[in-house]
Amino acid sequence: MTATATPHLTATTRRVPLPVTVSSWAVPVMIVGQFALIAVVPVAIATTGALRYGRDRAVRRAAALLAVAYATPLAVWLARPDGAQSLSKDMHPAFAGLIVAASAALLITLRRARAH
C-alpha cells in the first residue's frame, strides 16, 4: 500500500480563487461586447476577490485600478441628467480602453503571482 500526501493550502499558500480570474477575463469581453452595465458583477467579483485573497501588492493595486476605471464612467453616466439609455452608449471609448487595459493588468499580475 502506498501513501500519498495531499498538499493542504494554508493561509500563507492560499491562492486567488478561480472566479477572480474568470471575472477578470469577463470584464473586457463585456465592455467590448457593449454590456458595460452588466460588467459591474465581474468587476465586483474580481476586485473583492483580489483584495481579499491577493497577497501580492501589485494584484491589489491592479484590482483597485480596475474598480476605479470602471466606477468613473459609471458615476458620470448616473450623474448626467441627459445621459444615454445605456452605459455602453454613454461611455467614451478611452474609458473602455482604460477598463480593458486595467483588466489586462490584473490578469498579468494574477498570472505573475501564481508563478511565485
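- Residue Leu65 is not grouped with residue Leu106 when hydrophobic side chains (ILVMFWY) are merged at heavy-atom distances under 4.5 angstrom, including chains of intermediate members.
- Of all non-hydrogen atoms in Val43 and Ala67, the two that sit nearest each other are CG1-CA, 4.3 Å.
- Within the structure, salt bridge (Lys or Arg N to Asp or Glu O under 4.0 Å) contacts touching residues 60-72 (residues at least two apart or in different chains) do not occur.
- No side-chain heavy atom of Val76 sits less than 4.5 Å from a side-chain heavy atom of His92.
- The shortest heavy-atom contact between Leu87 and Pro73 is CD1-O, 3.6 Å.
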Kindly list each side-chain donor-acceptor pair under 3.5 angstrom involving residues 17-38, sequence neighbours excluded, with atom names and distances?
unit_1: Thr21; atom_1: OG1; unit_2: Arg114; atom_2: NH2; d: 2.6
unit_1: Ser23; atom_1: OG; unit_2: Pro19; atom_2: O; d: 2.8
unit_1: Ser24; atom_1: OG; unit_2: Val20; atom_2: O; d: 2.8

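- Hydrophobic clustering of Ile, Leu, Val, Met, Phe, Trp and Tyr side chains at less than 4.5 Å, counting indirect connections, keeps Val68 apart from Leu107.
- Counting only residues at least two apart or on different chains, the side-chain hydrogen bond (donor to acceptor under 3.5 Å, both in side chains) pairs with a member in residues 80-90 are Arg80-Asp90.
- Closest approach of Leu66 and Ala102 over heavy atoms only: CA-CB, 3.8 Å.
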